[in-house]
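Written out below as structure tokens is the structure these notes cover.
A, B, ... follow the sequence lines: proteins, then strands. Residue 1 opens every chain.
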Amino acid sequence: MKKIIVFAVMVSALFLFTACSKGSGEKVYVYNWGEYIDPEVFELFEEETGIEVVDDYFESNEEMYPKIKAGAVQYDVVCPSDYMIQKMIDEDLLAEINFDNVPNLKNIDTSYLKSSETFDPGNKFSVPYCWGTLGILYNKTMVDEPIDSWSAIFDEKYSGNILMIDSVRDAFGITLSYLGYDMNTTNETELDEAKALLQEQYPLVQAYVVDQVRDKMIGEEAALGVIYSGEAIYTKRENENLEYVVPKEGSNVWIDAWVIPKNCRNKENAEAFINFICDGEIALKNFEYITYSTPNSIARDMIEDEDIKNSQVAFPPQEVLDRCTTFRYLGEDFEAMYNNKWNEVKTE
Amino acid sequence: MNVLNKLTRHTENSERSLQNTHVNNVKWLSFPYIIWMSGFILVPLVLIIFYGLTNKENGFTFDNITLISDPINRQALFLALKLSLFSTAICLLLAYPLAIILNKTKMKSNSFIVLILILPMWMNFLLRTIAWQNILEKKGVINNILAFFHLPALNIINTPTAIILGMVYNFLPFMVLPIYNVLIKIDKDVVNAARDLGANNRQTFMKIIFPLSLPGVISGITMVFVPSLTTFVISTILGGSKIILIGNVIEQQFRLGNWHTGSGLSLVLMIFILFSMAILSKYDKESEGSNLW
């Protein structure tokens with residue numbers, strides 16, 4: 001019954017839209033995070049291969065997933081994070097990549113391929129794109145002491161000056177690690193404790209944001225913001241009062257990687273696109289634009305600015321990484337539990 | 001006499017048949033809209049009802065509907081009702097005098113005012129709302145001006161007040177235009193007659209103008225109340241994702257892929273809207289309504 005109705009809608013939609021989708025030439029449909037690729041890379045790709053890039057953006061893994069799952073929109077290449085890739089592999093949504101078509105994989109540092117095995121055993125489905133940590137970006141002129149702990153974002157002193165991350169796993173992850181628990185916990189008492197702390201934090205928070213945190217911190221709207229490390233270099237470039245720190249209690253280290261959904265339109269085009277992104281010079285160009293840490297060793301060697309090349313923010317030392325954990329997919333039930341508790345936090 | 005009667009009857013008949021063929025021809029013109037309506041209004045509505053009344057295994061259930069009694073959802077619904085009632089009331093208070101002024105001013109300046117009112121609508125709704133965010137922010141335009149005059153800062157961004165402001169700003173034209181539309185159609189002679197019979201300004205307004213303008217007021221209220229109640233964009237942008245309205249809850253359910261829950265809650269919202277429209281239409285004695293809608 002449900003299928004029939006969905007089918008009827010699809011047919012009527014097709015009927016109305018086929019006229020516009022007729023185009024000449026090859027296309028690749030890319031579904032990526034917002035502000036996460038240099039638009040010139042698309043142009044260069046089009047010039048080199050003649051394949052036109054059709055791009056679309058999402059703001060969180062949770063927003064991306066149902067679209068792929070429902071298959072309503074067919075994308076060729078998608079860029080989810082670690083735990084979401086694991087979930088998509090589990091649910092058989094991803095196609096194995098034919099690495100004969102991705103010779104540039106050799107440019108990716110093997111250590112990242114190794115850490116990718118935690119969510120993609122055997123590296124069959126994904127190619128690392130960017131990686132980084134989650135931390136606090138703070139404005140040196142607006143805080144009294146150097147920030148080195150998550151306690152700052154729960155401190156009443158900074159009431160109204162805190163920008164909290166609007167992403168369920170990240171928000172709970174940092175709270176759990178502040179409390180000394182595992183970021184991937186499935187223990188409900190621990191989660192409830194984290195929820196209680198987040199509820200206490202609610203009145204102190206100026207806004208829950210993801211992409212907007214960057215501009216708000218540059219504009220000195222707030223003193224502290226929870227942010228991905230990749231934004232740190234860019235924001236510091238725009239406002240030198242800003243400083244990024246991975247708190248001492250530990251944090252999340254993440255990898256975003258390119259994957260190809262099973263229902264893609266053209267797998268070869270997708271592989272050509274991934275291969276192009278892994279090219280050393282392209283990866284460098286892209287890195288300079290988005291400033292998210294690249295796993296591409298050729299690109300990293302070519303970085304000219306010594307400060308960035310040796311930046312502890314872009315390429316954190318081992319002792320920082322040692323206190324960071326990767327998110328794992330926890331299964332549908334715990335996912336729902338996290339979401340419910342997150343909703344409870346926000347409707348105090 | 002008989003002949004004459006026959007003749008008139010004959011012409012009447014032929015006129016009627018002429019009219020009929022005319023109507024039949026015109027009916028065809030509605031065909032594109034019927035396709036549009038069934039594809040984009042009826043089918044989605046059926047889908048929402050279907051999803052709202054089933055669970056993941058496609059079994060019939062009321063669970064999605066009763067989820068509204070969950071404390072989070074109930075709170076979000078009440079907050080949305082409260083904010084949209086406030087913004088509708090504010091819109092009405094602002095729009096009615098404006099519509100009267102528009103009605104009284106001369107034609108030329110009048111169309112200029114209407115233009116100014118509609119001008120912002122030429123820009124995208126999202127852009128305008130984001131602009132408000134920049135205006136209201138802690139270091140935004142208003143606070144910069146206040147700081148220049150050494151006045152205390154205004155902190156309404158990310159509060160319900162900012163959301164009401166956003167609703168009023170975005171939906172005000174939908175209140176002004178229907179009221180204005182009705183006011184210009186009120187026959188001047190009716191007003192003059194009231195004057196002749198000795199009614200003063202207040203009486204003329206209360207007994208003549210206001211009752212006659214009710215259809216416009218009612219469609220204005222509907223046009224403002226419904227989008228305010230269901231909005232999730234305004235509350236996200238001006239509420240900093242801190243304030244969750246029922247629209248946000250539904251949007252989130254769809255984002256997370258819970259189509260059943262999202263549809264169920266949408267149905268509840270539809271019931272609220274239908275209910276409020278039923279109350280309104282009781283007051284709307286002129287069943288024709290304003291000609292605008």
Side-chain angles (χ1 to χ4, degrees), chain A residues 1-6 8-17 58-70 72 160-161 163-168 202-210 212 215-216 218-223 332 335-336 338-348, chain B residues 35-36 38-40 42-44 46-51 54 56-60 70-79 130 133-134 136-140 143 153 155 157-159 162 236-246 248-249 251-262:
Chain A
M1 180 63 186
K2 184 164 141 191
K3 288 251 163 81
I4 295 173
I5 296 175
V6 172
V9 175
M10 300 283 238
V11 169
S12 46
L14 263 181
F15 175 70
L16 280 151
F17 289 119
F58 56 85
E59 211 180 28
S60 72
N61 284 303
E62 286 71 21
E63 180 188 339
M64 172 277 310
Y65 167 78
K67 284 211 195 169
I68 303 294
K69 172 97 176 168
N161 265 321
L163 294 171
M164 185 61 179
I165 194 152
D166 193 10
S167 153
V168 48
Y202 176 89
L204 314 178
V205 172
Q206 184 189 101
Y208 292 92
V209 285
V210 180
Q212 289 181 349
D215 292 336
K216 284 187 190 273
I218 292 170
E220 308 207 329
E221 278 292 311
E332 213 169 290
E335 208 175 46
Y338 270 77
N339 281 325
N340 282 340
K341 296 204 188 294
W342 184 228
N343 274 347
E344 284 169 36
V345 169
K346 289 218 272 170
T347 44
E348 214 187 8
Chain B
I35 293 184
W36 176 271
S38 50
F40 295 111
L42 288 180
V43 175
V46 169
L47 275 179
I48 288 177
I49 295 172
F50 174 76
Y51 274 110
T54 51
K56 280 193 176 133
E57 286 76 41
N58 280 339
F60 179 81
D70 182 272
I72 296 174
N73 300 337
R74 201 176 51 207
Q75 211 180 324
L77 177 66
F78 283 140
L79 188 60
I130 291 172
Q133 189 185 28
N134 287 323
L136 297 176
E137 263 174 352
K138 275 172 83 180
K139 302 233 163 151
N143 280 338
N155 277 323
I157 188 76
N158 305 330
T159 64
T236 305
I237 295 176
L238 297 177
S241 294
K242 269 189 90 175
I243 294 151
I244 307 280
L245 303 183
I246 190 70
N248 297 86
V249 174
E251 186 234 359
Q252 200 186 21
Q253 293 299 338
F254 277 101
R255 264 199 200 201
L256 296 175
N258 302 336
W259 288 29
H260 299 279
T261 317

Reported CG-to-OG1 distance for the pair A:D166 and B:T236, which is rounded to 0.5 angstrom
8.5 Å
Distance check, rounded to the nearest 0.5 Å: A:Q206 atom CD versus B:I157 atom CD1?
8.5 Å
Do A:K216 and B:Q133 have side chains that get closer than 4.5 Å, going by heavy atoms?
yes
Kindly say whether A:A222 contributes a backbone atom to a donor-acceptor pair with the side chain of B:K138 at under 3.5 angstrom?
no
Who wins among B:N155, B:I244, B:I72, B:L79 for the most heavy-atom pairs under 4.5 Å with chain A?
B:I72
Atom CH2 of residue position B:W259 - does it have more than 12 heavy atoms of other residues, nucleotides or ligands inside 6.0 Å?
no
Does any part of the side chain of A:N343, heavy atoms only, come nearer than 4.5 Å to the side chain of B:Q252, both counted from C-beta?
yes
Contacting moiety of A:N339, where chain B heavy atoms sit under 4.5 Å:
side chain
What one should report as the nearest heavy-atom pair of B:K242 and A:Y202 is O-OH, 2.6 Å
How long is the gap from CG on B:N143 to CD on A:E221, to the nearest 0.5 Å?
8.5 Å
Distance-only, no hydrogens or angles: does the A:E63 side chain make a donor-acceptor pair with backbone N or O of B:R255 under 3.5 Å?
no
In terms of heavy-atom proximity below 4.5 Å to chain B, should A:Q212 be classed as side chain, backbone, both, or neither?
side chain
